[in-house]
S.K.: 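Encoded as structure tokens, here's the structure I'll be asking about.
We count ligands from 1, going down the list as the structure has it; atoms in each ligand are counted the same way. For this chain, numbers begin at 1 and follow the sequence in order.
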Amino acid sequence: MLTRSPADPDGILEGVLISDDDLRKRVQELGDRISRDYEGLDPLLVAVLKGAVIFAGDLLRAITIPCSIDFMAISSYGSGTESSGVVRILKDLDAPIEGRHVLVVEDIVDSGLTLSYLLGSLASRGPASLEVCALLAKPDRREVDIACRYVGFEIPNRFVVGYGLDADEQFRGLRYVATVDESRIAL
Ligand code: IMP
């Protein structure tokens, strides 16, 4: 259970879903697997702003082979919680990815609409390979079929915040992933 904290003055957080410790262990496991799978391939992590920024930073440090990182920003929800499927690129990659082994790093795959659009855009640029590493997945909400090679945790159909994920730009800095009182956030 959570006690009221300065990070949550309105008491919107309900409970810890994934602890700091469990996040750390899982990110290390993913880093180990990626290091083995991409040995000699000099992968490029494409982190999706803003939600994946903390996960991507920790994952990058858990990867022990040469590896670079770039960032994309796309619009998804606005301040509500339903994906519209209308996606815009707000910030594109700094460099071409033709011939690169690209691993998209996403915070959470919910309906899959955002990622589906992003993968389409990246695939058209001719990467040598294109895979996804998502910290969280909500399988019950999936509307489009997306093959995620790496998934940190499958979670129930609840709105979650922390470790990069936000509710209306709040709570990204929490060290754990928490559920929120969904009646108290903007829909
Ligand atoms: P999708 O297009 O429905 O898969 O939505 C993906 C995006 O919606 C993620 O990258 C997040 O930015 C956001 N999102 C989906 N579920 C949650 C959640 O539970 N908490 C915070 N953001 C979420």
S.K.: Heavy atom of Arg158 under 4.0 Å from ligand 1?
M.R.: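 Arg158 counts as a contact of ligand 1 under the 4.0 Å cut-off.
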S.K.: Is ligand 1 under 4.0 Å from a heavy atom in the side chain of Asp107, in the backbone, in both, or in neither?
M.R.: side chain
S.K.: Yes or no: does Leu136 have any heavy atom under 4.0 Å from an atom of ligand 1?
M.R.: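 Leu136 does not count as a contact of ligand 1 under the 4.0 Å cut-off.
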S.K.: Looking at Glu39 and Arg36, does any basic side-chain N land under 4.0 Å from a carboxylate oxygen?
M.R.: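 Salt bridge: no.
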S.K.: Strictly under 4.0 Å, does any heavy atom of Gly51 approach an atom of ligand 1?
M.R.: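 No heavy atom of Gly51 comes that close to ligand 1.
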S.K.: To the closest 0.5 Å, what do you measure between CG (Leu17) and CG (Asp22)?
M.R.: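 That separation rounds to 10.0 Å.
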S.K.: Specify whether Phe55 and Tyr163 have parallel, tilted or perpendicular ring planes, treating 30° as the upper limit for parallel and 60° as the lower limit for perpendicular.
M.R.: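 The rings of Phe55 and Tyr163 sit tilted, inter-plane angle from 30° to 60°.
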S.K.: Please report whether ligand 1 has a polar contact with Phe159, defined as an N or O pair separated by less than 3.5 Å (distance criterion only).
M.R.: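 No, there is no polar N/O contact under 3.5 Å.
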S.K.: Mind checking whether Arg141 contacts ligand 1 via backbone (N, CA, C, O), side chain (CB onward), both or neither, at a 4.0 Å heavy-atom cut-off?
M.R.: neither
S.K.: Would you say that more than 12 heavy atoms from the other residues, nucleotides or ligands in this model lie under 6.0 Å from the CZ of Arg175, or not?
M.R.: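 No - once you tally the heavy atoms of other residues, nucleotides and ligands closer than 6.0 Å, there are 12 at most.
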S.K.: Please say whether more than 12 non-hydrogen atoms of neighbouring residues, nucleotides or ligands are located less than 6.0 Å from CD in Glu98.
M.R.: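 Not more than 12 within 6.0 Å, no.
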S.K.: List every atom of ligand 1 that sits less than 4.0 Å from any heavy atom of Glu106, numbering the atoms from 1 in the order shown and giving each element.
M.R.: 10 (O)
S.K.: Does even one non-hydrogen atom of Val161 get within less than 4.0 Å of ligand 1?
M.R.: no
S.K.: Numbering the atoms of ligand 1 from 1, which are under 4.0 Å from a heavy atom of Ser111?
M.R.: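 Going through ligand 1 atom by atom, the ones under 4.0 Å from Ser111 are 1 (P), 2 (O), 3 (O), 4 (O).
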S.K.: Are Arg100 and Asp70 within salt-bridge range, i.e. N to O under 4.0 Å?
M.R.: no
S.K.: Which of the atoms of ligand 1 are close to Thr114, meaning less than 4.0 Å from one of its heavy atoms?
M.R.: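 Per the distance check, 1 (P), 2 (O), 5 (O), 6 (C).
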S.K.: Can you hop from Leu119 to Met72 via hydrophobic side chains spaced under 4.5 Å?
M.R.: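 Leu119 and Met72: one cluster.
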S.K.: Taking 4.0 angstrom as the limit and counting only heavy atoms of Asp166, give me the atoms of ligand 1 inside it, by number and element.
M.R.: 21 (C)
S.K.: Which of the atoms of ligand 1 are close to Leu113, meaning less than 4.0 Å from one of its heavy atoms?
M.R.: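 With Leu113 as reference, the close atoms of ligand 1 come out as 2 (O), 4 (O).
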S.K.: More than 12 heavy atoms of other residues, nucleotides or ligands under 6.0 Å from CG of Asp145: is that the case?
M.R.: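 Atom CG in Asp145 is not packed in, count stays at 12 or less.
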S.K.: Looking at Leu165, which atoms of ligand 1 are within less than 4.0 Å of one of its heavy atoms?
M.R.: 20 (N), 21 (C), 22 (N)
S.K.: Any N/O of Leu115 closer than 3.5 Å to an N/O of ligand 1?
M.R.: no
S.K.: Could you give the distance from CG (Leu30) to CG (Leu135), rounded to the nearest 0.5 Å?
M.R.: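 Leu30 CG to Leu135 CG: 8.0 Å, rounded to 0.5 Å.
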